[in-house]
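In what follows, a single structure is set out as structure tokens and then discussed.
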Amino acid sequence: MTTPDALEIPNRFDFSTACKEIYQAWVDQGCFDANVNKDKKPFTIVIPPPNVTGALHLGHALNNTLQDVQIRMHRMMGFEALWMPGTDHAGIATQAVVERRLKELENKTRHDLGRDKLVERIWQWKDQYEARILGQLKSMGCSCDWRRTRFTLDDRCAQAVRSTFFDLFSKSLIYRGKRLVNWDTYLQTAVSDDEVFTETVHGSFWHLQYPVIDPKPGEPTHVTIATTRPETMLGDTAVAVHPHPTEALARFEAGLREKWNDASAKDRPAIESQLELLEIRRRELLPQLELLAQMAKEGRQLRLPIIGRVIPLVADEWAKPEMGSGCVKITPAHDPNDYEVAIRCKLPMINILNSDGTVNENAGPYSGLTMSKTRIKVVEEMDNLGLLAKTEDHQIELKHSDRSKTPIEPYLADQWFVKMDQLAQSAMDAVNDGRVKIYPPRYANGYLDWLGEKRDWPVGRQLWWGHQIPIWSRSFDSPEQAKSLKFQLESMSERSAGLMTVQIEEPATVHACVRQSDPALELKLHSLGLVRQEDVLDTWFSSALWPHSTLGWPEKSPELEYFYPTNVLITSRDIITLWVARMVLMGLNNVGEVPFSEVFIHPKILDGYGETMSKSKGNGVDPIDVIDKFGPDALRFGLSWLCTETQDVRMPVQYECPHCEAKVNQTKENRQSPTVECDSCKKTFSTQWAESAEDKAHPKAPVVSDRFEVARNFVNKLWNASRFVMMNLSGYSLAGQSSPTLPLEDQWILSQLASVTIKVESELKQYRYAEAARAVYDFAWDHFCSFYVEMAKPRLQDPEARHQVQRVLAHVLDRMLRLLHPITPFVTEAIWQQLNKITRTRDFVTNETSTDWIVRAPWPVPNHEHIKPEIEKQFSHFVALIGAVREIRSRQNIAPKQQISFSVKCSEEMRDLLAPMSKFLEAMANARADEWSDNPVIPSVNAAVSIPEMDVYVDLTQFIDVAAEISRNEKLLVNLVKQIQGKEGRLSNESFVSRAPADIIEKERQALADLVSQRRAAEDAIEKLKKL
RNA sequence: GGACGGUUAGCUCAGUUGGUUAGAGCACCACGUUGACAUCGUGGGGGUCGUUGGUUCGAGUCCAAUAUCGUCCA
């Protein structure tokens, strides 16, 4: 055994070099490898695969820390713990990033490169960022089984995707339909609703007039419609009016009155004014609408201005008599509601949009103009024709593409859908009956509400980066031709082998779905005139399969058998619907079991302004910056410390100037600048936004937050406490008889250790990370360092006591390290290695030999026999006593080196308990106890302090600062009087005495008596002091 | 418009079933550095818990209303 002296262990944990070595050793030893092992129970987490769009930020760091804590804890508990790593191809997000760079750096579009070349470029990007992401995870200490690393676009995921698609298609759960697409005219692709944001912009409400063809006497010559998008009139194929406007208006009014009844007084005036407007509308507009409804029934027609097309006036309930002019223009190809009307009324559909955002030949004279130019021209022309009735100002909620920030042009396109009815129901059932538990439970609402809508899932994307839809199609003019092709396909051997399935989409399109990549079959289909669908699948389609595709599905692999269902999914709340819900329903559909039994939703990390961190806002923080400055353990402990149940984490961040290390607050102004000038040294540094060579020439400033200082300090404290223990273990041995009764302080720390062990485990199992971190922080800092280690110091000098105190120190340190290992893996491993050099037997409860690596050490099992509430209570007398003495010292400004003495008035039991601890009072407060008795000699000049069951008299004969002592007592007196008044008031309250529980009343009485005696003591003291 | 969450010390946050004087870290003040740790130690000052009303012997905690901030879904 070698015991290091102070020089051998530095007084700082050098995380920058140690962590790399430790991590490599863990990997080399296979510490993170999980294998099918029937002797152990599995514990599995699949990582929420980070997008390969860019590097990880602090939100990912939080997410992955929380997972690693669970994995490491369960691994120590003896589970076969598998953390499945991987990344997500992230469809449009990644393609958009690569396309943008292509444009910026080479001034090329994706069409210049072509599909294959672009996809190749994206793979290069993916390789680069995947490496960066996995590197970040490793720096954080994530204990993933890297041998199993997967990617949502790799071959095995592709197999899972095709099998799933084939299965759903065979069950008729996938179909093609019309859907309004959010067309991004800049990227020339459709973007999903989730990739769209709305912005209120200033716009207008134009009232246009369409002439009636051959109006009869008494009939209007024009029909007025109002629109915010006049250019779409070029695609109008009808104008609709409600078939029964009077009834519809009455129903609307009834609804409004009902709302008035339920409304609060504040909201009523608004409804009342609505009702008034309704009355005017009834008088002035309704007769006209009735007339138009009649005309619609008669099949009257209108002439669409500019284009000259004859369009019908139709009766349809979509036209709301309470809205606008009561009539509505119908543009089926650019509005989903109009599309429905067109289906009901059998109207033609005319698309006027080119993919680049210009209007096509259907737009007549404006063909080739952009939509916005077309709008101006249309309005001008309508005005010239005298058909522009009026123009109103109007605030419009305009959709924009999140990727390109340009306005969305909506139009209807063919789209593949997954039918959600049964699938959604299965996922709702799983949560309702508790097979999947969501923590915190309130998040189940959003999940259930969203699934409850059972909206079909549009899965096609007009992209090149993703899983291409495995369908080959051919359209015919007549249904007979389609049927004949279907027959031909169905007689092929591949169909009978279950490799292909065929369906007809009305009226005359044949779709063949192919189960797995099969060039020969594809060639055959091609020769029959079938062409593969261009679209790729929504990125969430492959993500939805992640828990089982990573384990080998569709094969019945041993891993799938053993590790599935996984135990918990840890993620953030914004993808509960997009991802969590879909994993549940796909898991149930494909494997027949839920993918995980628990879901933990953790808080989000916000910046100093309460905004979510994101790369585009420029307020993201690279966890590597934090690791470089504070170390990975501090990052992890800090994030766990902040991970409370209800609060998002607000984290103001600063640039750290690379020239002078001063902090520069990150603000809304500077967070997107490529360079920033330091407030204090006035030199310039660069940021993540630096692109030009000139900007990059400035050194880059890391972005950090002082919210990690708590954790950094804690890691340092832990390191140094361990260092102290190790420096004092010479002669240590676990062997040898210990005294039959341990001294109070030993029993106390062992009791605290057992309690904190129970608490940490139970909190972590409930995903209450902050509580667990706080519990272990308090134990390590306050209980172990501030008291136990301090009390160990005199005992280590005492040959009689040394052996015993070493045993307890080693035992507590060993277990504390294991308890902390899931949260702070590196520093605990580093200490463990040092400790192993001194001794391998440290746990006097189990007598076990310590493991080579703490990562493989057993999770500490609390020793319930050590828990002694009465010991903890007794110890609190000591804590109170030392506090009282220290306060007097401080108030009297007595130099620390100056010893003082005091007497204690207390019971015999208390004397027997505390007198043996006198040496600690000398060491910890430089105070000597002269006497412990029920009637001590009281020093002539003293400061008296009353604490529970004791009166302490500190001898101030040599030190008295009368003024300070009077002021201390007066302050105390004020406080006491306040409390006494409160208690007296309560106890003299008849209803309190008669209704409150007896034990509460007794407690109050006791407390009051105590306070009164303290008040008398303080008053006496003041009186005496004033005489001095 | 709907759902959910926040509002407690200068800042960032805890506060379990309602029960002594509402806690922590940072910041602040005073004192302290010849071996665990100044990324430290000791002590101190500082909040009546967004507002209003209610239930109760007793409310930061339960209920209602209201203000305000945020998130998600329409």
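A note on names: the letters A, B, ... follow the listed sequences, proteins ahead of strands, and every chain is numbered from 1. FYI, side chains are in, hydrogens and waters are out, and symmetry mates aren't considered; it's all heavy atoms of this structure.
Going from atom CH2 of A:Trp781 over to atom P of B:A24 covers 14 Å, rounded to whole Å. Atom CZ of A:Phe787 is separated from atom P of B:C40 by 18 Å (rounded to the nearest Å). When rounded to the nearest whole Å, the span between CZ of A:Arg442 and C1' of B:G6 equals 10 Å. Between the CD atom of A:Glu709 and the P atom of B:C40 there is a distance of 9 Å, given to the nearest Å. If you measure from atom CD of A:Glu453 to atom C1' of B:C72, you get 12 Å, rounded to the nearest angstrom. Atom pair A:Asn893:CG and B:C29:C1' shows a separation of 13 Å (rounding to whole Å applied). Whole-Å rounding puts the A:Asp706 CG to B:C11 C1' distance at 9 Å. Rounded to whole Å, atom C1' of B:G41 lies 13 Å from atom CG of A:Asn713.
In summary, A:Glu922 and A:Lys919 do not engage in a salt bridge, as defined by a charged side-chain N under 4.0 Å from a carboxylate O. Here A:Glu887 does not pair with A:Arg968 in a salt bridge; the nearest charged N to carboxylate O distance is not below 4.0 Å. Between A:Arg455 and A:Glu453 there is a salt bridge, since at least one side-chain N of the basic residue sits less than 4.0 Å from a carboxylate O of the acidic one. For the pair A:Lys604 and A:Asp574, the salt-bridge criterion is met [side-chain N within less than 4.0 Å of a carboxylate O].
Within the 4.5 Å cutoff, the side chain of A:Gln766 has no heavy atoms near those of the A:Tyr439 side chain.
Among the protein residues, A:Arg886 comes within range of the sugar-phosphate backbone only, with heavy atoms under 4.0 Å from sugar or phosphate atoms but none that close to a base. A:Asp778 comes within contact range of no nucleotide atom at all, as no heavy-atom separation falls under 4.0 Å. Among the heavy atoms of the strands, none lies under 4.0 Å from A:Arg1005. Residue A:Gln766 is out of contact with every strand shown, counting any heavy-atom pair closer than 4.0 Å.
Residue A:Lys717 places at least one side-chain N or O closer than 4.0 Å to OP1 or OP2 of B:G41. Checking the phosphate oxygens (OP1, OP2) of B:C40, no side-chain nitrogen or oxygen of A:Asn720 falls inside 4.0 Å. The side chain of A:Arg650 contributes no N or O atom lying less than 4.0 Å from OP1 or OP2 of B:C69. Checking the phosphate oxygens (OP1, OP2) of B:G35, no side-chain nitrogen or oxygen of A:Lys793 falls inside 4.0 Å. Between A:Trp450 and B:C4 there is no side-chain polar atom (N or O) within less than 4.0 angstrom of OP1 or OP2.
Annotation: B:C73 and B:G54 have their C1' atoms spaced 33 Å apart (nearest Å). When the P atom is used for both B:U7 and B:G50, the distance is 7 Å, rounded to whole Å. Rounded to whole Å, the separation between the C1' atoms of B:G23 and B:G15 comes to 7 Å. B:C28 and B:U20 have their P atoms separated by 33 Å, with the value rounded to a whole Å. Taking the P atom of each, B:G19 and B:G35 are spaced 46 Å apart, rounded to whole Å.
Across B:A36, B:G44, B:U39, the shortest atom-to-atom separation from the side chain of A:Glu887 is found for B:G44. With distances taken from any side-chain atom of A:Asn445 to the nucleotides B:C4, B:C37, B:G44, the minimum falls on B:C4. Residue A:Ala721 has its side chain nearest to B:A36 when only B:G45, B:G43, B:A36 are considered.
Judged by a 6.0 Å distance limit and a 45° cone about the ring axis, A:Arg12 is not positioned over the six-membered ring of A:Trp719. Cation-pi contact between A:Lys717 and A:Phe784: absent, since separation from the ring centre below 6.0 Å together with deviation from the ring axis within 45° is not met.
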Do any side-chain atoms of residues 975-986 of chain A form donor-acceptor pairs under 3.5 angstrom with protein atoms, and if so which ones, sequence neighbours left out?
unit_1, atom_1, unit_2, atom_2, d
A:Asn975, OD1, A:Gln979, NE2, 3.2
A:Arg986, NH1, A:Glu1004, OE1, 3.2

Summarise protein proximity over nucleotides 14-21 of chain B in one line of letters, 5' to 3': B for base, S for sugar-phosphate only, - for none, counting protein heavy atoms closer than 4.0 Å. SS---BBB

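Less than 4.0 Å separates RNA chain B from no heavy atom of any residue of residues 625-635 of chain A.
Remark: A:Val879 pairs with A:Phe787, A:Phe875 by the side chain to side chain contact (heavy atoms under 4.5 Å, CB included) rule, at least two apart or across chains. Checked against side chain to side chain donor-acceptor pair (under 3.5 Å), A:Arg650 has no partners two or more places apart in sequence or in another chain.
Just one of A:Thr65, A:Asn63, A:Asp648 meets the side chain to side chain donor-acceptor pair (under 3.5 Å) condition when paired with A:His602; it is A:Asn63.
The 5' end of RNA chain B is approached more closely, in terms of each residue's nearest nucleotide, by A:Asp648 than by the other of A:Asp648 and A:Thr577. Nearest-nucleotide positions on RNA chain B for A:Leu606 and A:Phe714 put A:Phe714 closer to the 5' end.
In this structure, the side chain of A:Asn182 does not engage the main chain of A:Ile408 through any donor-acceptor pair within 3.5 Å. Side-chain atoms of A:Asp625 never come within 3.5 Å of backbone atoms of A:Val704 as a donor-acceptor pair (strictly under, hydrogens ignored). Of the possible donor and acceptor atoms, one in the side chain of A:Tyr769 sits under 3.5 Å from a partner among the backbone N and O of A:Leu66.
For a distance-only test at 3.5 Å, the side chain of A:Arg573 fails to qualify as a donor-acceptor partner of the base of B:U71.
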Return one dot-bracket line describing RNA chain B 5' to 3' (Watson-Crick or G-U wobble pairs, both distances under 3.5 Å; ( ) same strand, [ ] crossing, | another strand, . none). (((((((..((((.....[...)))).(((((.......))))).....(((((..]....)))))))))))).

